[in-house]
Structures are given as structure tokens and as C-alpha cells.
Amino acid sequence: MALETLPLLTDRYQRRIENLRISVTDRCDLRCFYCMPEDVEWLPRKALMSFEEIERVARLAVAAGTRRLRLTGGEPLLRKDLPRLISKLAAIPGLQDLALTSNATQLERLAPSLVQAGLRRVNVSLDSLDAENFHSLTRRDVHAQVMAGIDAADAAGLRPLSINCVVVRDRNDHEAVDFARLARERGFDVRFIEFMPLEHGSHWGTDVMVPGKELLERIGEVFPLQPDPDQDPHAPSRDWVFADGAPGSVGFIDSVTEPFCSMCNRIRLTADGKIRTCLFSLREHDLLGAVRAGADDEAVTDLLHAAVATKEKKHHITDGMYVKPDRTMSQIGG
Ligand code: SAM
Ligand code: SF4
């Protein structure tokens, strides 16, 4: 079929795929206990998609209807020359949003060049406001460096600035109100993420997963909240603003207790070029293999459509049918 006559990327359940998350590396300088083991074998360099390969796939995905790209990893800022990739992607016609998810360890150094390359906003992962607790959760003693990275992103105008916090009972749930205070003081959008069973080892359980509803109640008792009038219906988080008009917001990504699968409009591309149609997919589609075997633009687009056609209806975390994927979040590209 000629490219221009292909329908937009839409799956069997009429979900239009508008978001593509691209992992640019599986490497990371932190070892968040819920994401990675201490010792990891990295993908060989040649297994990673080159910037040219990433740009080509992204351009074809945008031509097929994707509107938003987000770079992730591993830690995306560990990929050498990332601003060069950002400027290639920012120039794709039809792209509406280009964002990055980062642990912020390298942001102090890189924020200005990322902005110059065309990045507009960033999500920073931060699980504790306390240096010691941060060290215990991430197994690295770099809290000050991360906070300096957040300040640099803010100063460089990377806004809105979202802070993603994975909440684990008895490890950091006692900090929820402090995070809400940070949101108010700095005008940040803090998003609390339910811990998902995608970790290395077996740390997950319903006993350590803190439902977003519980955090909403705890925060609302201290800082009254009201639903965000600008809520994006397709966003995975349910967002709340402060009733007293303070800046910033809090949001809850309740992937386990309130799955948003029926609204999910994203697919993922792993650092080694595999399409995953769901975080929890048990199968992948080898796009990079096809690209390197010489697939032309039409064939790559067909492969994107074929992958999207297999997108899973929903995840099975809570219905007893859950099978944990072989890859952890850092390898999938969260
Ligand atoms: N290194 C970058 C970072 O931490 O922002 C990008 C990759 S990281 C895999 C992307 C997001 O996935 C982070 O916000 C992280 O907290 C989240 N994540 C990792 N493992 C998770 C899990 N088991 N459950 C919920 N979120 C998880
Ligand atoms: Fe690294 Fe991000 Fe995973 Fe933490 S969550 S280990 S920063 S990839």
C-alpha cells in the first residue's frame, strides 16, 4: 500500500497510537532497587539503534499518526551526544511534542544544550527528598547531584517540569506530603506512580504497592485538592491542583489499582529496536532487524501497523493471569 494511503496507527480496540517512547540506551548510573539489579550486562554497542535509525523510525511513525515522542532508557542522558538526536527529532514535520524522562544525574551539565537542541520539557524521576533515603532506594549517593540537575532544568526553562515518584510502602510513602509541598513551592507537577511488577527479583507485592487513592487522601488532608480542570483524558495520571490556587499539581498514575489500558495510546521502542505494544508485553516485534535487513520506508511502516494490530487489550496484574516479562523497566524503556 502506498504510504500516504495507510490509515493512522490504530489498534484492534480503536485506540489511536499517538505516543512513541524510544529507549536510547539500557545503561544507567543508578540502581533503583525496583528497576535494576546491582550487576547488569549491558547490550553490546552495535545492538543499539544508531541516531539515524532512530530518526528514520520516528519519522515514519509520525507520518503514520504518532504525535508525541519521549526519549527514555536506562538513563537517556548517558547516551553520548544525545542533543544531536534531539535536534534531528525536533525537526520531524508533524511532531507535536518531544520530551525526555531522566534521573537528572547529568542534567546540570546537559540542560542548556538539550534546550538548544529543541527539547521543551522533561520528566525527572525522584523517589526521595532525603539524601540518605535516596541512596537507599537508588543504591547511589547522588541526591545533591540530582537536585542540582532539577534546578538546572528549571533554570533552562524545561517546563512544565514533572517529577515522577514511584512509591513503595515503608520506603518512601511517608514523603508524599513533602513531595506535594515541593510541587507547590516550585510549581512542579509531581506524579506518584504505583510500583509495578516489572522489577528485577521479587520485591513487588500488593503489600508494598501503595494505591494512589491512599496518597490522594493523605495529601488532601494537608493541602486541599481539586480535580485539574485541564486534565488530559489520555494522560495516564489523574491530576489535581491545589484548592488555594498554589502553583504546581499532584497526579496519580494508578497503573495497578486503576488500569487505564482502554485509553492507552502508546507503544515503545527498546534500545535494541524492538517494538513493544505494552509495558507488560510478552512478545516483541523486531523493527531494527528489518531496518538493518534493508526494509524500505513502506515495509517499515507496514511493520509498525502489524505490531500495533497486536496491541494487548489490557494487563493482567490483578486478575491472576499475570506473567512477568523477561525484561525489567530499564531494558524496556519505562
Ligand atoms: N532512567 C530514567 C528515569 O529513571 O527517569 C528513565 C528510565 S526509567 C525505567 C522510567 C520510569 O520508570 C522512572 O520514572 C522509573 O521510576 C519508572 N519505573 C522503573 N521501574 C518501575 C517499577 N517497577 N514500577 C513503576 N515504575 C517504575
Ligand atoms: Fe536507572 Fe531509571 Fe531504572 Fe532508576 S528507574 S535504575 S534511574 S533506569
Side-chain angles (χ1 to χ4, degrees), residues 19 21-40 42-43 70-79 82 99-107 110 114 121-128 134-143 145-146 149-150 153 158 161-169 171-173 179 188-206 208-212 215 236-237 251-257 259-260 266 268-271 276 278-280 315 317 322 324-325 327-334:
N19 287 286
R21 293 203 166 196
I22 304 175
S23 173
V24 295
T25 180
D26 61 327
R27 291 175 192 243
C28 192
D29 50 353
L30 302 187
R31 293 291 182 279
C32 305
F33 85 95
Y34 54 72
C35 178
M36 282 176 105
E38 183 63 70
D39 295 313
V40 199
W42 309 122
L43 286 167
R70 173 176 293 280
L71 300 183
T72 181
E75 174 44 43
L77 298 184
L78 294 187
R79 179 82 187 248
L82 194 77
L100 174 82
T101 298
S102 167
N103 65 22
T105 59
Q106 312 301 314
L107 259 182
L110 289 173
L114 291 168
R121 62 195 190 90
V122 65
N123 284 14
V124 170
S125 302
L126 175 70
D127 297 333
S128 178
F134 179 93
H135 186 177
S136 134
L137 291 160
T138 64
R139 306 194 190 104
R140 296 292 183 269
D141 192 7
V142 292
H143 187 256
Q145 192 178 321
V146 166
I150 293 173
L158 285 167
L161 202 153
S162 289
I163 303 281
N164 289 348
C165 175
V166 175
V167 185
V168 184
R169 195 174 297 286
R171 299 290 299 260
N172 63 349
D173 59 316
F179 271 98
F188 294 160
D189 297 324
V190 171
R191 300 289 172 260
F192 297 98
I193 305 177
E194 286 182 349
F195 179 18
M196 295 180 273
L198 279 170
E199 80 287 22
H200 173 79
S202 47
H203 299 282
W204 190 85
T206 45
V208 292
M209 195 233 25
V210 185
L215 298 173
S237 65
F252 302 88
I253 303 182
D254 301 340
S255 332
V256 179
T257 59
F260 39 85
R266 65 189 56 174
R268 292 177 155 77
L269 186 59
T270 63
R276 291 181 66 88
C278 172
L279 257 184
F280 307 97
H315 71 60
I317 297 177
Y322 184 67
K324 194 163 149 180
R327 301 221 218 193
T328 62
M329 268 293 225
S330 63
Q331 296 163 328
I332 292 170

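Whatever order the structure lists ligands and atoms in, that order sets their numbers, starting from 1.
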Worksheet item: Given that the side chain starts at C-beta and the backbone is N, CA, C, O, which of these parts of C28 lies under 4.0 Å from ligand 2, counting heavy atoms, or is it both or neither?
Response: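 The part of C28 near ligand 2 is the side chain, not the backbone.
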Please check if the side chain of [X] supplies one atom and the backbone of [Y] the other of a donor-acceptor pair under 3.5 Å.
X    : Y    : result
R79  : V24  : yes
E194 : G212 : yes
E75  : N103 : yes
R169 : V210 : no
D141 : H135 : no

Fill in: Option nearest atom 2 (C) of ligand 1 (shortest heavy-atom distance, choices M36, M209, E75, R27)
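It is E75 whose heavy atom sits nearest to atom 2 (C) of ligand 1.
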Worksheet item: Who's closest to atom 7 (C) of ligand 1 heavy-atom-wise, of G74, S162, S255?
Response: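 Nearest heavy atom to atom 7 (C) of ligand 1 lies in G74.
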Practice prompt. Would you kindly specify which portion of T101 sits under 4.0 Å from ligand 1, judged on non-hydrogen atoms: side chain, backbone, both or neither?
Written response: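 It is both backbone and side chain that touch ligand 1.
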Worksheet item: So which bit of S102 gets within less than 4.0 Å of ligand 1, heavy atoms only: side chain, backbone, both or neither?
Response: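 Answer for S102: backbone.
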Worksheet item: Shortest non-hydrogen contact from F134 to V142?
Response: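 Smallest heavy-atom distance, with atoms named: CE2-CG2, 3.8 Å.
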Proximal atoms of ligand 1 relative to [X] (non-hydrogen, under 4.0 Å):
X    : result
N103 : 2 (C), 3 (C), 5 (O)
F195 : 23 (N), 24 (N)
C35  : 19 (C), 20 (N)
E194 : 25 (C)
T72  : 6 (C), 7 (C)

[atom] - nearest protein heavy atom and its distance:
atom                    : answer
atom 26 (N) of ligand 1 : V166 CG2, 3.4 Å
atom 24 (N) of ligand 1 : M196 N, 2.9 Å
atom 8 (S) of ligand 1  : G73 O, 4.4 Å
atom 20 (N) of ligand 1 : M329 CG, 3.1 Å

Discussion item. With heavy-atom distances below 4.0 Å as the criterion, list the atoms of ligand 2 near M36.
Written reply: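 This gives 6 (S) as the contact atoms.
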Item to complete: Check ligand 2 against C32 and write out every atom of the ligand that is under 4.0 Å from a heavy-atom position of the residue.
Response: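 Contacts of ligand 2 toward C32, numbered from 1: 4 (Fe), 5 (S), 6 (S), 7 (S).
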Fill in: Cation over ring face, R171 and F33, 6.0 Å, 45°
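Yes - R171 lies over the ring of F33, closer than 6.0 Å to its centre and within 45° of its axis.
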If you define the side chain from C-beta out and look only at heavy atoms, does anything of [X] sit under 4.5 Å from [Y]?
X    : Y    : answer
W42  : T25  : no
R140 : D29  : no
L77  : L82  : yes
Q106 : Q145 : yes

Discussion item. Using a 3.5 Å cut-off on N or O atoms only, is S125 in polar contact with ligand 1?
Written reply: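 Right, the criterion is met.
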Item to complete: Please confirm whether D127 comes within less than 3.5 Å of ligand 1 when only nitrogen or oxygen atoms on both sides are compared.
Response: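 So ligand 1 has no N or O lying under 3.5 Å from an N or O of D127.
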Worksheet item: What do the steps show when you test T101 against R70 for side chain to side chain contact (heavy atoms under 4.5 Å, CB included), and what is the final call?
Response: CA-CA 7 Å; T101 298; R70 173 176 293 280; 3.0 Å; yes
Worksheet item: Does C35 put an N, O or S atom under 2.8 Å from atom 3 (Fe) of ligand 2?
Response: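 C35 does place an N, O or S atom closer than 2.8 Å to atom 3 (Fe) of ligand 2.
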